[in-house]
Peer 1: 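First the structure, which I've put down as C-alpha cells, then a few questions once you've had a look.
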Amino acid sequence: MDAGHLAGSTSTVAATGWRGGVVALDRWIGTTIEAAAAFLVLAEIVVLLTGVVARYVFHAPIVWSDELASILFLWLSMLGAAVALRRGEHMRMTAFVAKASPPMRAFLDVLAIVAALAFLLLIAHPAIDYASEEAIVVTPALEISNSWRASALPIGFGLMIVLSLMRLLRVGNPRLVVKALVTVIALCVAMWLLGPSLKSLGKLNLIVFFVVVVGACVFAGVPIAFSFALATFGFLALTTRTPMLVLVGRMDEGMSHLILLAVPLFVFLGLLIEMTGMARAMVQFLASMLGHVRGGLSYVLIGAMYLVSGISGSKAADMAAIAPVLFPEMKARGAKPGDLVALLATTGAQTETIPPSIVLITIGSVTGVSIASLFTGGMLPGVVLGLALCGVVWWRYRNEDLSAVKRASAGEIWRSLVYASPAVALPFVIRAAVVEGVATATEVSTIGIAYSVLIGILIYRQFDLKRLVPMLIETAALSGAIIFIIGAATGMAWGLTQSGFAQDLAKAMASLPGGRIGFIAVSIVAFIVLGSVLEGIPAIVLFGPLMFPIARAVGVHEVHYAMIVVLAMGLGLFAPPFGVGYYAACAIGKVDPSEGIQPIWGYMAALVIGLIVVAAVPWLSIGFIG
C-alpha cells in the first residue's frame with residue numbers, strides 16, 4: 001500500500017549529522033509507542049477473556065472488566081493512530097495524486113503531512129481542556145477519575161504532533177516543506193479572515209465545508225480522518241460559537257463505543273489464524289470444493305462474509321476476519337489486488353442487514369421497531385445482494401484460465417475437510433458463543449483467539465512466538481487508523497446535527513411528490529449520500545426518529561423501510577471516494593485505495609440493482625414476519 005501511505009513517496013536524506021539524531025530519536029519514540037500499543041492489544045484480550053471465563057465458568061462476573069477495557073481501548077486507539085501516522089498508514093485517496101507529475105506528487109505528499117499537523121495543533125489545546133474537564137467525573141465501577149481515560153486524547157495528539165514534525169524534518173527537500181507550510185498557513189489565515197462572511201452564508205456553509213473542503217482535502221491526498229476533522233473544526237470554529245472541546249468530546253464518543261473493540265480483536269484474530277496454519281487449512285478445503293470453478297474463491301468470499309457478518313457488530317471486524325484467510329490464495333491464483341478489495345468492500349455493504357447486526361439493533365432502539373422482526377427481515381435482502389455480486393463475479397471470471405487447476409477428487413475433498421475441520425469450526429464456535437450467551441459480540445473474538453492459539457499449538461503445531469509482537473503492533477496501527485476515522489466522522493455527524501440539517505431533511509422528505517414510491521426513491525439517494533459521510537450508527541441515531549414516522553405515514557412498512565435504509569447507507573459507506581468503509585477494506589486488505597476504484601463500480605452497480613429489487617419487492621423484507 002505504498003502509494004496510499006502518508007507521504008510514502010517523499011524522499012528522505014541519509015541519516016547524517018543532526019538528521020541522524022532526528023532519525024534516532026524518531027526510532028526510539030516509535031519503538032516505545034509500538035511497545036505500549038502492542039501491550040494494550042494484549043491487555044484487552046486478557047481483560048475480556050478473563051471476564052468471559054469469570055462470568056460463564058465461575059459464575060462470578062467481574063463488574064469492572066468492561067470499564068477497564070473501555071479505558072484501555074481509547075489509549076489503544078490513540079497510540080495506534082500515532083503508530084499508523086509514523087508508518088504512513090493512515091488511509092488516503094491517492095488516485096488523483098498518483099496521476100500528478102513527480103514534483104507535484106512530492107509536494108502533495110508533504111502537504112498531506114502538514115495538513116494533518118495543522119489539525120493536530122489546532123485540536124491540542126481543546127483536548128487538554130477536555131481531559132481537565134473530565135477530571136471531576138468518577139467512573140462507576142473502578143471509581144477513578146475519568147481523566148485517566150480522557151488523557152489519551154491530548155497525549156495521542158501530542159505524540160502525533162511530534163511524529164509529524166519528525167517526518168517533516170526527514171524530508172530531503174526543505175523547499176518542499178516550506179512551500180507546504182506556507183500553503184496550509186495561508187489557507188488557514190484566509191479562512192479565518194473570511195469568518196464573518198461565512199457566518200452570513202448560513203446553511204450554505206454545509207456545502208463550503210462538508211463538500212468543498214472535504215472534497216479538496218480528500219482529492220489532494222490528505223488522510224481521510226484528517227480531511228473530515230479539518231472540515232468539522234473549520235465549520236464549528238468559523239461559523240458557530242461552539243467550544244472546540246465539544247468537538248473533542250464527540251470524537252471521544254465516536255471512538256469509545258465498546259462494540260468497536262471488536263475491530264482490533266478481529267484484526268488480531270485474522271493474523272493469528274494465518275500464523276497458526278488454520279488459514280491455509282481452510283483455504284485448501286475451500287479450494288478443493290470450488291477451486292475448479294471460475295471465480296470460485298470469490299464466491300467463497302461472498303458466502304463467508306454472509307456467514308460471519310454480524311458476529312462482531314462491525315463490518316471492519318468482519319472483513320478483518322475474512323481477508324487474511326482468502327486473499328493470499330486468491331492473489332496466488334492471479335486475482336488483482338484492486339478487484340479483491342473492491343469485492344471485499346461490496347460484500348461489507350451486502351451484509352449490513354444480516355443479524356445480529358448492530359445497525360439493526362440501533363434502529364430498533366431509536367425507532368421502536370421490533371428487533372426480532374428486523375432480524376427476521378434482514379436475511380433475504382442480504383441473499384439478493386449476494387446473488388447480484390455473484391453475477392458480476394461470474395461475468396468477470398467467465399474466461400479465467402483454469403487449465404493448471406486440477407479438480408479435486410471426492411477423497412481429496414474429504415481428507416482436506418478432516419484436516420481443516422478444526423479451522424472450519426471457528427466461525428461456528430464464535431457464532432455459538434454469541435447465540436448461547438457465553439460472550440457478547442465484543443468479547444466473542446477473544447474466544448476465537450483462545451481457540452486459535454490452542455488449535456495452532458496442539459493440532460497444527462504452528463505458533464511462531466517471534467511473530468507475536470509484530471502482529472500486535474500491526475493490529476494496533478491498523479485499528480488506530482480505522483477508529484480515528486470513525487471518531488472524525490462522529491464529530492462531523494454532530495456538526496451536521498447542530499446546523500439543523502437533520503430537521504430540514506425530514507421536512508423536505510415529508511413534502512415530496514410521488515407518495516410512497518417517491519419517498520422510497522429519494523430515501524435511497526439520501527441515505528447513500530449520508531452513508532458516505534456518516535458512520536452508520538450516528539446516521540441512524542440522527543435520522544431514524546425523524547424518517548420512520550414519515551415512512552409509516554406514506555404507507556411503507558417499517559421493517560421494509562429499515563432494510564432499504566440500511567442497505568442504502570451500506571452502499572454509501574463502502575463507495576469511494578468518501579465512503580469510510582472502503583478505506584477500511586483497503587487497509588485490511590493492504591491495498592492502495594486507487595487500485596480498487598475502477599473494479600468496484602461493477603460491484604456497486606450490482607448492489608444498486610439488488611437494492612432496487614429489495615425496495616420494489618417488500619415481501620423479501622417482511623414475508624417471514626409473523
Side-chain angles (χ1 to χ4, degrees), residues 6-7 85 90 92 107-133 153-154 156-158 160-162 164-165 167-168 175-252 484 487-501 533 578:
L6 181 57
L85 184 66
H90 275 278
R92 61 193 289 245
F107 168 70
L108 290 175
D109 283 336
V110 177
L111 185 70
I113 301 175
V114 176
L117 177 61
F119 170 73
L120 294 168
L121 291 171
L122 289 169
I123 204 68
H125 191 270
I128 295 171
D129 290 342
Y130 176 75
S132 300
E133 293 280 340
L153 293 160
F157 289 139
M160 283 189 273
I161 288 171
V162 172
S164 297
L165 290 172
R167 287 180 71 86
L168 291 176
R175 291 180 62 185
L176 272 181
V177 176
V178 173
K179 185 179 178 181
L181 286 169
V182 169
T183 301
V184 171
I185 291 172
L187 288 171
C188 290
V189 171
M191 294 296 289
W192 178 71
L193 293 175
L194 287 171
S197 300
L198 291 172
K199 288 180 180 178
S200 65
L201 294 178
K203 292 181 180 177
L204 287 176
N205 282 309
L206 296 176
I207 296 176
V208 172
F209 287 95
F210 298 121
V211 178
V212 176
V213 173
V214 170
C217 288
V218 168
F219 290 122
V222 177
I224 305 300
F226 292 102
S227 298
F228 289 174
L230 277 169
T232 307
F233 188 98
F235 173 75
L236 295 176
L238 298 175
T239 67
T240 73
R241 296 181 179 178
T242 304
M244 287 304 102
L245 63 84
V246 176
L247 173 59
V248 180
R250 299 290 74 76
M251 292 183 68
D252 177 8
F484 197 63
T490 303
M492 182 189 293
W494 185 84
L496 286 169
T497 306
Q498 299 310 298
S499 70
F501 174 70
V533 296
F578 298 115

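We're numbering straight along the sequence, starting at 1.
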Peer 1: Less than 4.5 Å apart, any side-chain heavy atom of F235 and any of L206?
Peer 2: yes
Peer 1: About how many Å separate OG of S200 and CG of N205, when rounded to the nearest 0.5 Å?
Peer 2: 8.0 Å
Peer 1: So do I224 and V218 actually touch side chain to side chain, heavy atoms under 4.5 Å?
Peer 2: yes
Peer 1: Which heavy-atom pair separates A112 from G221 by the least distance, and what is that distance?
Peer 2: CB-O, 3.6 Å
Peer 1: Between L198 and M191, is a side chain to side chain contact (heavy atoms under 4.5 Å, CB included) present by the stated rule, with each step listed?
Peer 2: CA-CA 9 Å; L198 291 172; M191 294 296 289; 4.1 Å; yes
Peer 1: Do W494 and T232 touch side chain to side chain, with heavy atoms closer than 4.5 Å?
Peer 2: no
Peer 1: Does any part of the side chain of L111, heavy atoms only, come nearer than 4.5 Å to the side chain of V222, both counted from C-beta?
Peer 2: no
Peer 1: Should R167 and D109 count as an ion pair when the cut-off is N to O under 4.0 Å?
Peer 2: no
Peer 1: Starting from the C-alpha separation in whole Å, work towards a yes-or-no answer on side chain to side chain contact (heavy atoms under 4.5 Å, CB included) for F119 and M160.
Peer 2: CA-CA 11 Å; F119 170 73; M160 283 189 273; over 6 Å; no
Peer 1: Closest heavy-atom contact between V184 and A118?
Peer 2: CG1-CB, 3.8 Å
Peer 1: Looking at I161 and A124, what are the two nearest heavy atoms and their distance?
Peer 2: CD1-CB, 4.1 Å
Peer 1: Where is the tightest heavy-atom contact between V214 and A231, given as atom of each residue plus distance?
Peer 2: CG2-CB, 3.3 Å
Peer 1: Nearest 0.5 Å please: distance from the CG atom of L245 over to the CD1 atom of I123.
Peer 2: 9.0 Å
Peer 1: State the CG-SG distance between L230 and C188, to the nearest 0.5 angstrom.
Peer 2: 7.5 Å
Peer 1: So do the side chains of Y130 and M251 get within less than 4.5 Å of each other, counting heavy atoms only?
Peer 2: no
Peer 1: Answer yes or no: is there a side-chain heavy-atom contact under 4.5 Å between S164 and L120?
Peer 2: yes
Peer 1: Atom OG in S499, atom CZ in F209: separation rounded to 0.5 Å?
Peer 2: 12.0 Å
Peer 1: Under 4.5 Å between any side-chain heavy atoms of L122 and M244, yes or no?
Peer 2: no
Peer 1: To the nearest 0.5 angstrom, please state how far the NE2 atom of H90 sits from the CZ atom of F226.
Peer 2: 5.0 Å
Peer 1: Would you check if the side chain of R250 reaches a backbone N or O of T490 as a donor-acceptor pair within less than 3.5 Å?
Peer 2: no
Peer 1: What are the two closest heavy atoms between V110 and L176, and how far apart are they?
Peer 2: CG1-O, 4.1 Å
Peer 1: For the CG atom of L165 and the CG atom of L117, what is their distance to the nearest 0.5 Å?
Peer 2: 5.0 Å
Peer 1: May I ask you to test the T242-L247 pair for a side-chain heavy-atom distance under 4.5 Å?
Peer 2: no
Peer 1: So which atom in V248 and which in L153 form the shortest heavy-atom distance, rounded to 0.1 Å?
Peer 2: CG1-CD1, 3.9 Å
